[in-house]
Structures are given as structure tokens and as C-alpha cells.
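What you see is a predicted model, and the numbers here were worked out from it, not measured in a lab. Just so it is clear: chains get the letters A, B, ... in the order the sequence lines come, proteins before strands, and each one is counted from 1.
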Amino acid sequence: MKNIAPFVLSVILPLVVITIMLRDATRDNTILENLREEYSIPHIPSVDHSKHAELQRDFTNPHEITETCLSCHTERGKEVLGNAHWNWEREAYIEGRGVTYLGKKNLINNFCTGILSNEATCNRCHIGYGWSDHTFDHSNPLNIDCLICHDNSGMYDKARGGAGYPVPGLDFQSIVQQVGLPRKDNCGYCHFYGGGGNNVKHGDLENALLTASWDVDVHMSAEGAGLECSDCHTTRNHQMMGRYYGVSSDNSMRATCEDCHTNLPHVQKTLNEHAVTVACQTCHIPVYAKVNPTKMHWDWSTATDRRDGEPYEVLDTLGNLLYTSIKGDFHWRQNAIPGYVWFNGTADHHLISDIIGENDSVIYINTLFGEAGDPGSRIYPVKIHTGRQPYDTEYKTIIQAKLWDKDPGMGALWVDLEWEEALAAGMEYVGMPFSGQYDFIDSKMFLMINHMVSPSDQALQCEDCHTRTGGRLADIQGVYIPGQSTHSAIDFFGITMLILALSGVFFHAFLRFFASRKTNK
Amino acid sequence: MQRVYLYSRYERFWHWTQAFLILFLALTGFEIHGSYRLFGYESAVSLHNNAAWILIVLIIFTIFWHFTTGEWRQYMPTMENLRAQMEYYVTGIFRNAPHPTKKTTLSKLNPMQRLVYLGLKILFIPVMVISGIIYMFYRYQFDGAIQSLGFEDLGLVAAIHTLGAYILLAFVVVHVYLITTGHTLTSNLRAMITGWELLEEEEEEEERSI
């Protein structure tokens, strides 16, 4: 036993020391602390608009307000005329289509199906005044609505069915003296209510973000970073960073988590290595629609039903609309678990002019490109919104219905409740033929989930994906996920070999036992 | 019969540490494989990786030991008596026949052991270590970015590593059984614990290995 000390010193101690040195040593990560410090400094405006002589008057016409803004901010009008919030279309190259000019202006979806022929009501959410039809002048800077983004008074409001004009009776003098950088409520005025109501469209963008708790959204919550939208969607010369792939197509000008958090945000290296394949959002937004439900399914085919000759509505116990005669059936979901797809930042869209294939049972309103093995692709969370919407059985195209008009008898579905007239009026406006023969077809739309980032202790855990059955990424193809993926041939071979070894050993031992009893006798 | 000091302190330390590590690596490894849930995935990965590092360091120490002591010669394969050794396990053992290979300090291993252990040393263990290291480092953080070893999918590496694990486990099963075939049921086990084993007289006095 006196030799034990040199043995410990010469063998065990070096072994332990070398092993500890080789281990994955943890380090301090100051990225998050630095960000917290940087974004805790409040923005102090350089200008108090209430002191400007030009603004010491009342305005009767909103175009006059724009003119007054541009009298000082002389170049800003040109900037806005070039941005996508104004044009609702972008130039983009799409694989298989070439250069396209697409956007909300001309694309279909499976919520309200599209703005064409409905501009007067849909374009309440345009940053302009008067886009009620094709004749709107996109080249006139006096049509810009500066206030919808820059009003900090909280008093500004646009009229329903007003094509972007404000409601009557606003105190413009007070409003214009309180303009400033856009805040959450400015962006949210439109972006929270897409699809016709709070949280209907996106699922991760809704008015609860104005008062979000830390659990709902660590970035926008006052308990968290207290960020404004434009802190991430940074903007230079009225060009905003950020993409919504319901209308965008190319991999440019995206607002990413890495912009602030870098590509090595975790202390644990293994987690940083995951980010080559898995987008940040996949783990850090485990559920969306955390406060209010979002629409998951919209079936237009049941619209126009009447009870006792009158349109009607059906609500669930929580007050969600399950059916309305003007829109059809809805499904809602709260605390929804996202779907997961490979995505490389580029997308295609089903255009209204695209012909539906003979065997197509589902229309993909948008297609997110990306696949395993493509270095630009990662796994992202998405909301998959399914729909059932009208198409022309003769010409095999999706049909844009006319939904709204201020007057009855103009063919608007929501006014007259007649499908054929609504479809004919919509297609006439679009300038496409309508055969008069129509049916409804299933459709799918993919909406990226980027907001409502949860606190890190609520992020997905290893087992949420690294599990044999029921993992979050169970439907993801093309990548080996330890714990989920198996090679069935190797498992079969291995287990068979183990069973043979064990049974061989037991058989041999059994024979030896009897042989020795025989010998002993 | 003569009491012989067969296994030095280091050899026994190596053997039992390696035995424990291989079983522990199998336990945590098959959890990572998804076969069952025990420690939790994150802990299983961490324990598996740390055990792997200990085993790698132990292997490096042991390679050094093999060469400094000359013990590597024990594993030189020989065809002599190989057939007799196989026949012994199939028939002789049931008739209480004598072991065909004499155990000496210079030749501790029978020809089957020599072949199998050499196979472990130069094929199965290196394959496991290399596939394991690739598994750990197919992506690694360096120079402010995540670098790649040049492939994006773990499938093949995981397949090799899993197959090797099954083969090592099958070896352990047979090995644990065969140590009961010594002079008595436990004489081999005792020898590996104490270092001493009762052997038949050696023909010549040999210098003991360290």
C-alpha cells in the first residue's frame, strides 16, 4: 500500500488534469448584458414639433399636413415613394419565374383573399390617402400619410372604407405637434390587425404586445428590453429591414436575431453549433398566439348561408367568431405550436394568373424554398394557415372576389351575399375572364413566426426534438437528429447480435453445468 | 501450482477503468440514441462526452504503458493453438479437458484472446474514438464562427458509432462469460483484481514484467 502515492501522482492525477483541460470549458457571455445596457438608453428627440411655427395652425385637409411636413423634410417624400410600405410591391427574382413585381398590391392570400376590387376598405392600412382603385397616383408625395407612422399622440385614426383617409373630426393641430419616431402602436395599427382583426393573420403580432409581460415577449415587454419595432426593423431613408414572406420573395433586407445577438450568442458551444441548421426562432418561440387566439383555418365555401333569410354569426364561449354568413367558417388556436420547415429566405407565390394543375388538391398560396443539405437553409417555425377559397373550374384559376362596397347592388359579397356576382365583379376588376363555373379548393399559406420570443428558461429543451417519437421536428426530412433518427438495419443487426451473444453464453453455461454434474458423479 | 503476479497495478487500473467507462458510455450512448430515457438527453450527452475524454486520455496513457513495458508483444497474433483453443470451448471444456494454452507472465493471452484483443486495439476502439471525435467536432466553434468538418449530416458517422457500440457490447457479454472458464469459476476475476493468479509451473524462470 505504500506504493499508492506515487501511483496516484503519476497516473491518476495527470489523467484527471488532462481530462479537465480537454473538457468544454464554459466562458462568460457578455453579449446579452451589453445589449441590455445599449438599449436601456432612452431616445431623446432632437426636435420638439410643438415649437415649429409651421405647425401653429389647424389643418382641414390631410394633404396639407403632408405638404407642411415635406416643406422641412424636403427629401423624405421621395424616399417614401420608393419603399414597399408605399408601393405594396417589390422587384424580386424568383426561381422559375424570373424578375417579378409582386406584393400586397397584386398577390392573393387565403384570408380575405386579396385587396383587388376591395382597396377602399383594405387600403385603410396603406400609408397614403385615397388608394381606392387602379387610378391612385403613386407618384404624388402629397398622397403620403405621414401621421399613420409618426403620430405619437395616439389620437390619429383612419376611417373604415375611407381608402386611407383619416376619420373626420380629428384635432390635427394637436396631432401634428406630437409627431416623432414610430412606436409599437403606430406599426401595430396595421400589423396587429392583418386579416381583419387582432392577431387574425400573423399569430405572433397582436395588440397584447403593447402591454406584453416578460413571458409573452422578452423584447417588447416593459419588464424586458422594452424595444420598439424599429429597434430591430432598423430603417434608413425609409427603407425598413424585415420581410414577410406572404408578400416577399427574396433573401435580402431581412431583420435577423443575429443582427443584435451575433451568431455565437450561447455560452454552450453545442447550442451555437445548432444554429447552423436550426433558426433561433425554432427553440426560442416554443408557442405563439400566447395571449389571444389566431385564425388557423378559413373556409369561404360555407359563406352566404342565411337563417330566416338573414345573415347570422356563431360565436364560441370565448367570443371568437366561428361562423359568419359574410365570411364562412373559422378555426382559432391559442398557445399554438408552430409547424417547422426548411427555409432559405426565398419564396414563391401562387399568382392569380397561375393555372391550377389537374391533380392539385391544395393550392400553395406561398412556397417557402429550402431543403436539408442547402447551406443557406435552416429549420424555421411557421404558422400554417389553411383555407378553402373560390376558383374557376373552367379556367382553373383562383378567383378574386369583390368583398366590399359602400353601396348594395355593386356585387360586393359582404353587402349582397351573392357569390356569383361577387366573383364576376372581382374578376372584371382584375381584368381576367370568369367562366361563371366555380367551386372551392383547399389552400395553404406559410407565415413565419418571428415575434413573441420567450424567456430563455422557456425555450425548447433538448428532449423536445431529441426524442424517438413525437418530437417537434418529427416531420423534418433530410437531417440526422440524434435520439430521433435511427438506422433500422443497424439497430436490427445490433440487437440480433446481442440476443445471439446472450443466448449463446447461456446455452454454453447450461451445457457446462450439466457436464460438470456428470463428471462429479 | 505456483502463485504468479500476472497483472501489474497499472494494468488492473487500466482494465477496470476502461471496463467502467465502456459500460458507462454504452449506458449514456444508447440514451442519446433514443433507446430509453435515464439521465435526460442533455445530461446524457454531457456525461457521454466527459467519459469519452477520460477514456481517450486513459488510452493514450495505456499506449505509452504498452510500449515502455513491452507488453504490446502479448497481443502479437499467432495461429499456433488457435484451432485447439476453439475446439476447447466447443468440446474440451465439457469433458474437463486441460486448457490447450499455458498461461505465463510472458504469454498471458491465449491465441483467441490475442486475436480479439488486437482487433479491439487496432480496429474497434480506434473506429469508436475517431467516429466519436468526428461526432463531437463535425461542427466546432473557432475564430468567431461555427466551422464545419466539411459535411452537413451526421447520419453516416452516427451509423458507424452505433454499430461499433453494439459490437463492443456483444464483446463485453462474451468476455464476461469467458472469464469464468479459468482454473476455477472466479480465478481469472481474482487475478484481475489482485494481480495474482495460480498458474502451473513455468518451465523457465522469467523476469517479471513491471
Side-chain angles (χ1 to χ4, degrees), chain A residues 3-4 7 11-12 14-16 18-20 22-24 262-264 269-270 272-277 372-375 461-463 465-469 478-487 489-491 493-495 497-498 500-502 504-506 508-509 511-512 514-516 518-519, chain B residues 9-10 13-14 17 31-35 37 40-46 49-50 53-58 60-61 65 89-90 93-96 135-136 138-141 144-146 148 152-160 162-163 165-167 169-174 176-178 180-181:
Chain A
N3 293 333
I4 203 88
F7 184 75
V11 176
I12 298 179
L15 216 157
V16 169
I18 294 171
T19 306
I20 288 170
L22 285 171
R23 281 183 68 228
D24 192 5
T262 80
N263 60 344
L264 305 172
K269 289 176 183 172
T270 313
N272 290 336
E273 288 157 17
H274 274 70
V276 174
T277 322
D374 165 14
Q461 299 297 303
C462 306
E463 282 91 348
C465 299
H466 294 285
T467 180
R468 193 57 71 79
T469 52
V479 65
Y480 186 90
I481 302 172
Q484 176 182 300
S485 313
T486 54
H487 299 90
I490 285 178
D491 279 330
F493 175 79
I495 289 164
M497 183 172 57
L498 279 180
L500 285 177
L502 279 167
V505 158
F506 279 112
H508 199 268
L511 290 182
R512 265 172 76 201
F514 278 98
S516 69
K518 225 161 142 186
T519 321
Chain B
R9 190 199 297 269
Y10 180 79
F13 167 79
W14 159 51
T17 311
E31 174 165 13
I32 295 166
H33 186 57
S35 303
R37 195 190 141 89
Y41 191 87
E42 189 172 5
S43 304
V45 170
S46 169
N49 287 354
N50 285 318
W53 282 121
I54 300 173
L55 181 60
I56 287 169
V57 175
L58 182 71
I60 294 167
F61 271 55
W65 173 83
Y89 288 128
V90 176
I93 191 167
F94 303 116
R95 295 194 312 262
N96 221 1
Y135 210 129
M136 275 195 236
Y138 88 111
R139 276 178 194 152
Y140 59 99
Q141 191 169 315
I146 302 299
S148 160
E152 289 305 319
D153 190 57
L154 273 176
L156 181 64
V157 181
I160 293 169
T162 311
L163 181 64
Y166 278 118
I167 291 170
L169 264 191
F171 163 78
V172 169
V173 169
V174 177
V176 167
Y177 173 69
L178 285 180
T180 66
T181 62

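- Separating the CZ atom in A:Arg468 from the NE2 atom in B:His33 is a distance of 5.0 Å, to the nearest 0.5 Å.
- Both the backbone and the side chain of B:Ile167 have a heavy atom closer than 4.5 Å to some heavy atom of chain A.
- Side-chain atoms of A:Ile490 and B:Ile160, non-hydrogen and from C-beta on, never get closer than 4.5 Å to each other.
- Annotation: the span from B:Thr162 atom OG1 to A:Asp491 atom CG amounts to 7.0 Å, rounded to 0.5 Å.
- Both the backbone and the side chain of A:Ala509 come within less than 4.5 Å of a heavy atom in chain B.
- Here the shortest heavy-atom pairing between B:Val174 and A:Ala501 reads CG2-CB, 4.2 Å.
- In terms of non-hydrogen atom pairs under 4.5 Å with chain B, the most contact-rich of A:Met497, A:Gln461, A:His508, A:His487 is A:His508.
- The contact between A:Ile495 and chain B is made by backbone and side chain atoms together, counting heavy-atom distances below 4.5 Å.
- Of the atoms belonging to B:Phe94, heavy atoms from both backbone and side chain fall under 4.5 Å from chain A.
- Residue B:Ser148: no heavy atom, backbone or side chain, is found under 4.5 Å from chain A.
- In this structure, the side chains of B:Leu154 and A:Pro482 come closer than 4.5 Å at one or more pairs of heavy atoms.
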Worked verdict on A:Asn272 versus B:Ile146 for side-chain contact (heavy atoms from CB on, under 4.5 Å) | CA-CA 7 Å; A:Asn272 290 336; B:Ile146 302 299; 3.8 Å; yes
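- The 12-atom threshold is not exceeded at CD of B:Glu42, counting heavy atoms of other residues, nucleotides or ligands nearer than 6.0 Å.
- Heavy-atom pairs under 4.5 Å with chain B peak, among A:Val479, A:Leu500, A:Ile481, A:Thr469, at A:Val479.
- Proximity to chain A (any heavy atom under 4.5 Å) is shown, for B:Ala145, by both the backbone and the side chain.
- Only the side chain of B:Tyr135 comes within less than 4.5 Å of a heavy atom in chain A; its backbone stays farther off.
- Between the B:Arg139 side chain and the A:Thr270 main chain, no donor and acceptor come within less than 3.5 Å of each other.
- In this structure, the separation between OH on B:Tyr177 and CZ on A:Phe506 is 10.0 Å, given to the nearest 0.5 Å.
- In this structure, B:Tyr41 and A:Gly483 approach most closely via the heavy-atom pair CE1-CA, 4.4 Å.
- Both the backbone and the side chain of B:Thr181 come within contact range of chain A, with heavy atoms under 4.5 Å apart.
- A:Ile12 CD1 to B:Thr17 OG1: the interatomic distance, rounded to the nearest 0.5 Å, is 7.0 Å.
- Contact count versus chain B (heavy atoms, under 4.5 Å) is highest, among A:Thr486, A:Val276, A:Thr467, for A:Val276.
- Heavy atoms closer than 4.5 Å to chain B are found in the side chain of A:Phe493, but not in its backbone.
- Contact count versus chain B (heavy atoms, under 4.5 Å) is highest, among A:Gly494, A:Ala515, A:Ala372, A:Pro14, for A:Gly494.
- Interface summary for chain A: among B:Asn96, B:Ile54, B:Val176, the most heavy-atom pairs under 4.5 angstrom belong to B:Ile54.
- Looking only at heavy-atom pairs under 4.5 Å with chain A, the residue among B:Ile93, B:Val45, B:Leu58 that has the most is B:Ile93.
- Residue B:Arg95 does not touch chain A at all, counting heavy-atom pairs closer than 4.5 Å.
- Residue A:Thr277 touches chain B through both its backbone and its side chain, counting heavy-atom pairs closer than 4.5 Å.
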